[in-house]
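Let me begin by presenting the structure, written as structure tokens, before commenting on it.
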Amino acid sequence: MPSGPDRLSNAGKPLFFKLDDGAASALGAPAVRDGRDEAVRAAVRSLSVMQKEAVVVSARSGAAWRLASDEGAYLDGHDVAPCPLSFFSTGMVCLFMEEILALANRRGIRLSNLKLVQDNFYTMRGSALKGTMTGGAKDVALAVSADTDAAPDTLRALVCDAVAAAPVNGLLRGVLPSLFTLTHNNAAITPEKARTPDRAALPDPDAAFAELTPAPGDWADLIVKGGMSPKNENTATYAGGSLAEEQDRLLHLRVTCVRRPDGVKAVEQQLFNPHGSVFRYLCDEAPGMGGGGRAPGMGGGGRAPGMGGGGRAPDAASYLAAGI
């Protein structure tokens with residue numbers, strides 16, 4: 001049985017929508033450090049045991065989106081919205097597609113029927129109650145198919161260079177120091193072990209959640225729940241299984257991304273283990289945003305001419321930030 005109330009379903013508003021300008025300004029967008037950076041601010045709050053809601057603002061687009069998250073029966077959730085890993089994987093595969101398309105444009109490589117299938121694998125071992133739980137991530141598996149006149153080696157080099165240039169690549173390689181502030185009842189607390197940034201904590205984000213007013217438009221198809229995911233060789237965890245005191249399991253999530261004729265990316269997420277629901281996402285960059293096909297290791301930004309999006313759905317970096 002689900003634990004906690006189903007506040008997402010009972011709130012009387014859509015689960016996912018673009019916010020009006022007032023709600024966007026209440027949170028504010030972070031500053032972009034230079035022209036290559038992606039900067040996204042996400043404010044997240046817990047609604048019940050597994051349900052959360054986020055307001056995410058992109059510095060490049062200035063658009064703010066309300067996104068909701070839940071867990072499936074494997075964590076006794078209500079399963080009304082995707083889990084956080086689903087958002088992260090969706091943002092990742094959409095960023096990869098952006099960079100592939102932008103770099104192909106710059107190199108004069110014609111692609112059609114481009115399709116990305118990405119498998120993400122994570123591990124969990126130990127006990128959360130005993131403080132011995134450790135998590136890990138295995139190599140991401142990315143399969144790319146397209147109709148093209150380019151030679152296989154040319155296509156392979158294009159994909160490798162584009163993946164290396166995607167902003168998310170910087171999060172997946174090496175060790176990055178995370179910086180934290182901690183605030184309790186509006187009083188700052190210095191963390192004992194975590195590193196802190198060279199600035200004060202941001203204001204309480206409650207104002208961003210005070211009036212979650214949808215912008216004009218139909219947002220019903222942004223994220224849609226489907227049926228249960230198919231099972232595969234990794235499917236071993238079912239209802240309540242992720243709550244076992246001792247864990248030793250593999251998490252396997254797959255996202256498939258294609259680009260519609262109108263430029264919007266359509267993603268289908270399947271959760272193989274723990275066994276969960278299918279969710280379908282729409283993703284769209286703001287006008288003028290997207291990959292730039294730069295040298296490996298450089299961030300996103302500066303999409304090639306003629307590849308601007310329409311801002312009709314959350315951009316890839318916003319999905320990624322919500323997942324984090």
Side-chain angles (χ1 to χ4, degrees), residues 15-18 29-30 32 36-44 52-61 63-70 81-102 114-122 137 140-142 144 162-173 176 178 219 222-224 251-260 263-271 278-286 289-292 299-301 303 309-324:
L15 297 180
F16 319 98
F17 53 84
K18 188 176 184 179
V32 176
R36 298 191 305 264
D37 279 354
E38 291 283 354
V40 182
R41 176 168 292 156
V44 185
K52 312 169 189 68
E53 67 177 345
V55 175
V56 188
V57 182
S58 166
R60 291 189 179 276
S61 68
W65 298 87
R66 190 263 192 167
L67 302 173
S69 177
D70 198 2
C83 64
L85 282 177
S86 176
F87 286 97
F88 187 87
S89 298
T90 295
M92 185 188 304
V93 76
C94 289
L95 282 170
F96 288 156
M97 176 166 277
E98 282 295 303
E99 292 291 342
I100 290 171
L101 290 168
L114 180 63
K115 180 179 180 180
L116 275 60
V117 180
Q118 175 184 298
D119 287 85
N120 291 69
F121 304 91
Y122 304 91
V140 177
L142 180 67
V144 180
V163 167
V168 67
N169 188 54
L171 294 176
L172 302 177
R173 298 183 180 276
L176 299 174
S178 296
W219 313 112
L222 283 182
I223 302 176
V224 178
L251 284 72
H252 182 191
L253 186 150
R254 175 177 294 166
V255 282
T256 302
C257 181
V258 297
R259 192 167 182 258
R260 303 190 321 194
V264 175
K265 293 180 287 297
V267 177
E268 180 176 280
Q269 168 258 293
Q270 296 174 322
L271 185 57
V278 171
F279 285 92
R280 297 180 177 90
Y281 293 74
L282 297 181
C283 179
D284 195 23
E285 303 302 318
M289 289 178 62
R303 178 201 292 258
R312 292 155 289 188
D315 59 276
S318 291
Y319 278 137
L320 191 76
I324 294 174

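If you're wondering where the values come from, they're calculated on a predicted model, not measured in any experiment. The figures that follow rest on heavy atoms only: side chains count, while hydrogens, waters and symmetry mates do not.
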Can you tell me how far apart [atom1] ([X]) and [atom2] ([Y]) are? Round to the nearest 0.5 Å.
| X | Y | atom1 | atom2 | answer |
| --- | --- | --- | --- | --- |
| Met92 | Asn169 | CE | CG | 10.0 Å |
| Thr256 | Asp119 | OG1 | CG | 8.0 Å |
| Leu222 | Arg280 | CG | CZ | 15.0 Å |
| Leu95 | Ile100 | CG | CD1 | 11.0 Å |
| Gln269 | Arg254 | CD | CZ | 11.5 Å |
| Ile324 | Tyr319 | CD1 | OH | 15.5 Å |

* Considering only heavy atoms from C-beta outward, does the side chain of Leu67 approach that of Val56 to under 4.5 Å? ->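 Contact flag for Leu67/Val56 side chains = yes.
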
Heavy-atom pair of closest approach, residues [X] and [Y]:
| X | Y | answer |
| --- | --- | --- |
| Asp315 | Ser61 | OD1-OG, 4.3 Å |
| Ser58 | Ala29 | O-CB, 4.1 Å |
| Trp219 | Phe16 | CB-O, 3.5 Å |
| Glu38 | Ala317 | OE1-CB, 4.0 Å |
| Gln118 | Ser89 | NE2-O, 3.6 Å |
| Ala313 | Leu282 | CB-O, 3.4 Å |

* To do: Give the intermediate values and the outcome of side chain to side chain contact (heavy atoms under 4.5 Å, CB included) for residues Leu253 and Tyr122.
  => CA-CA 9 Å; Leu253 186 150; Tyr122 304 91; 5.7 Å; no

* For Ser69 and Pro82, indicate whether the former's side chain and the latter's backbone hold a donor-acceptor pair under 3.5 Å. =>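 Confirmed, Ser69 side chain pairs with Pro82 backbone.
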
* Ignoring hydrogens and angles, tell me if any N or O in the side chain of Asp284 forms a donor-acceptor pair with the backbone of Gly311 under 3.5 Å. =>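 Yes; judged by distance alone, with no hydrogens or angles, the pair exists.
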
* How about Arg260: does its CZ atom have over 12 heavy atoms from other parts shown lying under 6.0 Å from it? ->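 Counting other residues, nucleotides and ligands, CZ of Arg260 exceeds 12 neighbours.
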
* **Glu285 bridged to Arg60 by N-O distance under 4.0 Å** =>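 Not counted as a salt bridge, because no side-chain N and carboxylate O are separated by less than 4.0 Å.
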
* Evaluate side chain to side chain contact (heavy atoms under 4.5 Å, CB included) for Val40 paired with Leu320, printing each intermediate quantity in order. => CA-CA 9 Å; Val40 182; Leu320 191 76; over 6 Å; no

* To do: Could you give me the CA-CA distance, side-chain angles and deciding distance for Tyr281 and Val93, then say whether side chain to side chain contact (heavy atoms under 4.5 Å, CB included) is met?
  => CA-CA 12 Å; Tyr281 293 74; Val93 76; over 6 Å; no

* With side chain to side chain contact (heavy atoms under 4.5 Å, CB included) as the test, would you mind laying out the steps for Leu15 and Ile223 before giving the verdict? => CA-CA 9 Å; Leu15 297 180; Ile223 302 176; over 6 Å; no

